[in-house]
Amino acid sequence: MTTTDLPEANIPELDGTVNLADIEALGRSRLGRNALEYYASGANDEVTLAANRAGFRAIRLRPRVLVDVSDVDARTEVLGLPLSFPVGVAPSAFHGLAHADAELGTARAAASAGSVMTLSTFSNTPIEEVAQAAAGRFWFQLYLYTDREVSAEVVRRAEAAGARALVLTVDAPFLGRREPNERHRFALPPHLGVPNAGSREQLRAMESEAGSQLVNYFQGLVDKTFTWADLAWLRSITALPIVLKGILTAEDALLAAHHGAHVWVSNHGGRQLDTAVGSIEALPEVVDAVQGQVEVYLDGGITRGTDVLKAVALGARCVFLGRAALWGLAAGGEAGVRRTLDLLHDEVRLALALCGKQNIGQVGRDLVRL
Ligand SMILES: Cc1cc2nc3c(=O)[nH]c(=O)nc-3n(C[C@H](O)[C@H](O)[C@H](O)COP(=O)(O)O)c2cc1C
Ligand SMILES: CC(C)CC(=O)C(=O)O
């Protein structure tokens with residue numbers, strides 16, 4: 001399904017949105033409890049979820065004036081891929097819960113906006129179909145299965161389909177407790193499959209009488225023994241750049257760089273270890289530790305163009321949208337994600353101009369007062 005299948009009346013509603021908060025409100029209004037709680041929740045008391053947003057709000061900008069900003073340019077590159085502005089889409093599971101366009105909608109929107117999509121292992125659409133829709137603008141996020149051969153096969157499929165990087169999520173040996181999902185027993189609706197993670201029947205076999213079924217699937221599928229030493233195995237089965245997603249400390253950033261991996265600063269949108277440091281707060285120590293040896297990215301709480309510039313100022317090459325992209329998808333499928341990216345692109349350009357910067361290369365630490 002594409003956006004042309006959307007009822008006419010949906011488009012003006014989307015066109016009337018002026019910021020990501022408007023799109024979030026529209027997206028939320030279209031979701032039932034199961035999906036809404038799954039998307040919105042953080043772990044436990046949601047302290048880290050709130051810290052991600054609060055961290056950006058606490059940083060003040062130091063704008064320069066009387067600079068010719070008649071022609072600002074927000075373009076950048078990630079791992080050699082040109083982006084129209086420093087924003088990509090973070091991996092999130094089950095886009096089919098948001099809209100019938102599912103991962104194909106997200107991929108098309110990211111591609112047409114000159115962005116990059118990171119496809120979750122737990123997508124509702126097979127890698128190969130998303131790859132086509134993404135027109136080369138996609139990375140693949142990997143959760144390692146207990147069975148290494150199954151993981152190796154997924155990695156081979158992603159590489160063959162044209163993924164430009166492998167993003168290994170390292171902050172989720174177990175799933176954090178998102179209590180609304182425990183309370184209301186989150187489950188994937190029967191019409192949605194998980195084609196990169198085994199059959200529906202395999203997943204059903206892991207369902208239990210209690211709690212979030214997601215926790216049950218995850219516990220049954222994912223390897224909890226994987227350590228730094230095992231990265232050599234991953235390196236041996238793929239030629240793709242490896243990105244470690246879920247780094248929050250200088251110590252781990254340095255280890256990542258020593259292992260030749262790029263660093264994605266993230267606390268999983270506050271969904272894993274609650275009270276972990278907010279991602280923008282963790283960024284400076286990570287950037288200082290790796291000293292430009294590898295690329296550094298960040299996600300968590302991005303909703304404004306000024307958030308993007310603050311992260312870039314503190315050393316992130318690019319930031320990624322988790323929930324913001326999902327709200328866009330829920331609000332209007334492919335068109336909703338595209339609107340989300342377009343609004344944010346406009347905000348980044350305006351913020352650059354008002355900061356007295358002509359391009360992303362001019363954005364450095366002097367732009368922020370912590
Ligand atoms: C509903 C949902 C599903 C997610 N699924 C995954 C996933 O499959 N793999 C992964 O590495 N991260 C996953 N994440 C974490 C995101 O990649 C990202 O780290 C986080 O959402 C960023 O925070 P934000 O939502 O504030 O932008 C998920 C996040 C959400 C909200
Ligand atoms: C399928 C899930 C494990 C996806 C995830 O990482 C999340 O819900 O945060």
Side-chain angles (χ1 to χ4, degrees), residues 20 24 27-28 31 34-43 46 48-56 87-98 103 106 117-124 139-145 154 165-178 180-182 186-188 192 194 196-198 203 206 212-222 243-248 264-274 276 278-280 282 297-304 307-308 311 319-330 340 344:
L20 271 55
E24 174 171 346
R28 281 178 179 260
L31 296 174
N34 192 51
L36 185 57
E37 287 184 345
Y38 175 57
Y39 287 172
S41 299
E46 302 187 339
T48 297
L49 178 62
N52 283 346
R53 295 281 318 118
F56 281 110
V87 173
V89 177
S92 53
F94 313 146
H95 289 198
L97 287 173
E103 285 82 7
T106 314
M117 173 191 185
T118 315
L119 177 67
S120 169
T121 293
F122 286 85
S123 61
N124 297 128
W139 291 359
F140 185 73
Q141 176 267 330
L142 184 66
Y143 276 125
L144 276 170
Y145 301 115
V154 175
L166 205 58
V167 177
L168 178 68
T169 300
V170 293
D171 59 7
F174 293 87
L175 217 58
R177 268 174 80 84
R178 299 91 188 243
N181 291 156
E182 293 295 324
F186 171 86
L188 202 58
L192 294 177
V194 193
N196 313 320
L203 293 184
M206 294 175 203
S212 165
Q213 299 309 327
L214 186 60
V215 171
N216 299 321
Y217 305 146
F218 199 77
Q219 239 71 304
L221 283 173
V222 171
V243 180
L244 300 184
K245 172 174 179 283
I247 302 278
L248 289 171
W264 183 322
V265 175
S266 173
N267 49 42
H268 213 110
R271 294 161 73 82
Q272 287 298 108
L273 175 67
D274 196 26
S279 52
I280 193 68
Y297 319 109
L298 172 136
D299 71 26
I302 305 278
T303 61
R304 285 290 186 187
D307 299 338
V308 178
V319 301
F320 289 85
L321 306 179
R323 292 180 185 82
L326 290 170
W327 303 133
L329 191 65
T340 301
L344 202 55

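In what follows, residues are counted from 1 in the order of the sequence shown. Computed from heavy atoms alone, side chains included, the values below leave out hydrogens, waters and symmetry copies. Every number for a ligand or one of its atoms is a count from 1 in the order of the listing.
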To which protein heavy atom is [atom] closest, and what is the distance rounded to 0.1 Å?
{"atom": "atom 8 (O) of ligand 1", "answer": "Ser120 OG, 2.7 Å"}
{"atom": "atom 15 (C) of ligand 1", "answer": "His268 CD2, 3.4 Å"}
{"atom": "atom 2 (C) of ligand 2", "answer": "Tyr38 OH, 3.8 Å"}
{"atom": "atom 11 (O) of ligand 1", "answer": "Thr169 OG1, 2.6 Å"}
{"atom": "atom 6 (O) of ligand 2", "answer": "Tyr143 OH, 2.5 Å"}

For a quick check under 3.5 Å, do Asn267 and Asn52 share a side-chain donor-acceptor pair by atom type?
yes

When you compare ligand 1 with [X], is there at least one nitrogen or oxygen pair between them that comes in under 3.5 angstrom?
{"X": "Phe320", "value": "no"}
{"X": "Tyr39", "value": "no"}
{"X": "Pro91", "value": "yes"}
{"X": "Arg323", "value": "yes"}
{"X": "Ala93", "value": "yes"}
{"X": "Ser92", "value": "no"}

Looking at non-hydrogen atoms alone, which of [options] comes nearest to [atom]?
{"atom": "atom 22 (C) of ligand 1", "options": "Leu321, Asp299, Leu214", "value": "Asp299"}
{"atom": "atom 12 (N) of ligand 1", "options": "Arg53, Gln141, Lys245, Glu37", "value": "Lys245"}
{"atom": "atom 26 (O) of ligand 1", "options": "Ala325, Gly301, Gly322, Gly269", "value": "Gly301"}

Salt bridge Arg28-Glu24, side-chain N to carboxylate O under 4.0 Å:
yes

Carboxylate-amine/guanidinium contact Arg177 Asp274, below 4.0 Å:
no

Between Leu214 and ligand 2, find which residue part has any heavy-atom pair under 4.0 Å and reply side chain, backbone, both or neither.
side chain

Just heavy atoms, cut-off under 4.0 Å: does Arg178 contact ligand 2 by side chain, backbone, both, or neither?
side chain

When the ring centroid of Phe218 is compared with that of Tyr143, is the distance short of 6.0 Å?
yes

How does Phe94 reach ligand 1, by side chain, by backbone, by both or by neither, if only non-hydrogen atoms under 4.0 Å count?
neither

Number the atoms of ligand 2 from 1 as they appear, then name those within less than 4.0 Å of a heavy atom of Leu175, with their elements.
3 (C)

Which ligand 2 atoms are under 4.0 Å away from a heavy-atom of Arg271?
7 (C), 8 (O), 9 (O)

Gln272 side-chain N/O to Phe174 backbone N/O, donor-acceptor pair under 3.5 Å:
yes

